[in-house]
Amino acid sequence: MTPAAPTPAYRRLSVEERRSQLLTSALDLFAHRAPEDVSLDDVAEAAGVSRPLVYRYFPGGKQQLYEAALRSAADELQHCFDEPREGPLLPRLSRALDRYLAFVDEHDAGFSALLQGGSVVETSRTTAIVDGVRRAAAEHIYRHLEVTEPGPRLRMTVRMWITAVEASSLIWLDEEKQPPAEELRDWLVEQFVAMLSVTARRDPQAGALVQAALAEDV
C-alpha cells in the first residue's frame, strides 16, 4: 500500500502578516481596475482567503480596505524622500529620486494604485492620502533648498516639478521602464534645474537659490 503524501504544513500568519497580505493583494487589484470594479470577493480570491476573513481585518468593507491600501503605499513612498541635508543639493536630489524610482520599479502596482487614487476619488480621505505624499515631497525639497517661507512662484515651481515626476514615472511604466532608471533620474534632475532657472527670471527668491544653492552643481 502506497503511503499517502504528507500534507504540507500550514503556517498561521500573524495579524500583521495577514493584514500585509490582504493589502498587497488589494493594491494589485486597485492598480489595474477602478475601485468600483473590485469586490471583496476579488480581494479574498487573490489573497487565497475567505471573504469573512477579509471582513475580520477590514470591518468597514471595501472603502476601509481601499483607504488602507492607499495609505500603505503612501507611507512607503514618503520614506523615499528622506535624505540627509549634507553635501551638494543635486546629488541629494538624485539619491532621493533613485529611491523613488526603485519604489516605482519594485512596487509598480502600489504606485499606480496610489496615483490613481488622485483621479478616481471616492472620499475626501483618499484625496488627502495622495496629496499628503505630494506635500511631504514638497516640504523635503524646501528643506533641502533651506527655504522656510517659499513664495507663490517657488511653491508653484516645486509642485509643477513633483507633478512632472509623477507623470514621468507612470509613463515610464507604460513604456516598459524605458529609458533606464538612471537616465530618467538624470533627466528629472535637469528638469528641476531648468524649471527653477526659468522661475528665477521672474522671482528673486528663486534667483537667489539658483545663485547660491545650485551654484556648485550647475
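Side-chain atoms are counted along with the backbone in the values below, which use heavy atoms only and exclude waters and symmetry mates. FYI, the numbering just counts along the sequence from 1.
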### Query
When you check the gap from the basic side-chain N to the acidic O, do Glu166 and Arg134 get nearer than 4.0 Å?
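Salt bridge: yes.
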
### Query
With a 4.0 Å cut-off, would you call Arg92 and Glu83 a salt bridge?
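No, this pair does not count.
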
### Message
Among residues at least two apart in sequence or on other chains, which ones pass salt bridge (charged side-chain N to carboxylate O under 4.0 Å, His left out) with Asp75?
### Response
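Once residues adjacent in sequence are excluded, Asp75 has no partner under the salt bridge (charged side-chain N to carboxylate O under 4.0 Å, His left out) criterion.
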
### Query
Residues two or more places apart in sequence or in another chain: which of them pass salt bridge (charged side-chain N to carboxylate O under 4.0 Å, His left out) with Asp105?
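Checked Asp105 against salt bridge (charged side-chain N to carboxylate O under 4.0 Å, His left out); matches are Lys177.
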
Does any non-hydrogen side-chain atom of [Y] lie less than 4.5 Å from one of [X]?
| X | Y | value |
| --- | --- | --- |
| His144 | Leu93 | no |
| Asp82 | His140 | yes |
| Arg19 | Phe58 | yes |
| Val49 | Val43 | no |
| Tyr100 | Ser169 | yes |
| Ile141 | Phe192 | yes |

### Query
Can you tell me if CD on Glu149 sees more than 12 non-hydrogen neighbours from other groups inside 6.0 Å?
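It does not: Glu149 CD has 12 such atoms or fewer within range.
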
Please determine whether residues [X] and [Y] belong to a single hydrophobic cluster, defined as Ile, Leu, Val, Met, Phe, Trp and Tyr linked transitively by side-chain heavy-atom distances below 4.5 Å.
| X | Y | result |
| --- | --- | --- |
| Leu145 | Val189 | yes |
| Leu97 | Leu77 | yes |
| Val198 | Leu90 | no |

### Qualifying residue for side chain to side chain contact (heavy atoms under 4.5 Å, CB included) with Leu184, from Leu101, Ile171, Val104, Val165
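Only one option passes, and that is Leu101.
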
Minimal non-hydrogen separation, [X] against [Y], with atom names:
| X | Y | answer |
| --- | --- | --- |
| Phe30 | Ala69 | CD1-CB, 4.4 Å |
| Ile162 | Ala137 | CD1-CB, 3.9 Å |
| Val147 | Gln205 | CG1-NE2, 3.7 Å |
| Phe103 | Cys80 | CB-SG, 3.8 Å |

### Query
So, Gln21 and Glu17: side-chain donor and acceptor under 3.5 Å apart, yes or no?
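Gln21 vs Glu17: no donor-acceptor pair found between side chains.
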
### Message
I'd like to know if the side chain of Asp42 and the backbone of Ser39 have a donor-acceptor N/O pair within less than 3.5 Å.
### Response
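Between the backbone of Ser39 and the side chain of Asp42 there is a qualifying donor-acceptor contact (under 3.5 Å).
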
### Query
When you measure from the side chain of Thr24 to the backbone N and O of Ser20, does any donor-acceptor pair fall under 3.5 Å?
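Indeed, once roles are kept as given, a pair shorter than 3.5 Å links the two residues.
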
What's the spacing between [X] [atom1] and [Y] [atom2] if we round to 0.5 Å?
| X | Y | atom1 | atom2 | result |
| --- | --- | --- | --- | --- |
| Arg18 | Glu16 | CZ | CD | 12.5 Å |
| Leu40 | Leu22 | CG | CG | 10.0 Å |
| Leu70 | Tyr66 | CG | OH | 4.5 Å |
| Arg185 | Glu190 | CZ | CD | 10.5 Å |

### Task
Only counting residues at least two apart or in another chain, list the ones meeting side-chain contact (heavy atoms from CB on, under 4.5 Å) with Ala46.
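Checked Ala46 against side-chain contact (heavy atoms from CB on, under 4.5 Å); matches are Ser25, Leu29.
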
#### Entry: Residue list, side-chain contact (heavy atoms from CB on, under 4.5 Å) with Ala136, at least two apart or on another chain
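Only Gln78 meet the side-chain contact (heavy atoms from CB on, under 4.5 Å) criterion with Ala136.
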
### Selection residues 44-57 - residue pairs positive for side chain to side chain donor-acceptor pair (under 3.5 Å), sequence neighbours left out
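Listed by first then second residue: Asp41-Arg51.
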
Output side-chain donor-acceptor pairs under 3.5 Å for residues 151-161, partner residues at least two apart or in another chain, one line each.
from, atom 1, to, atom 2, distance (Å)
Arg155, NH1, Pro150, O, 2.6
Thr157, OG1, Arg153, O, 2.8
Thr157, OG1, Thr199, OG1, 2.6
Trp161, NE1, Leu188, O, 2.9

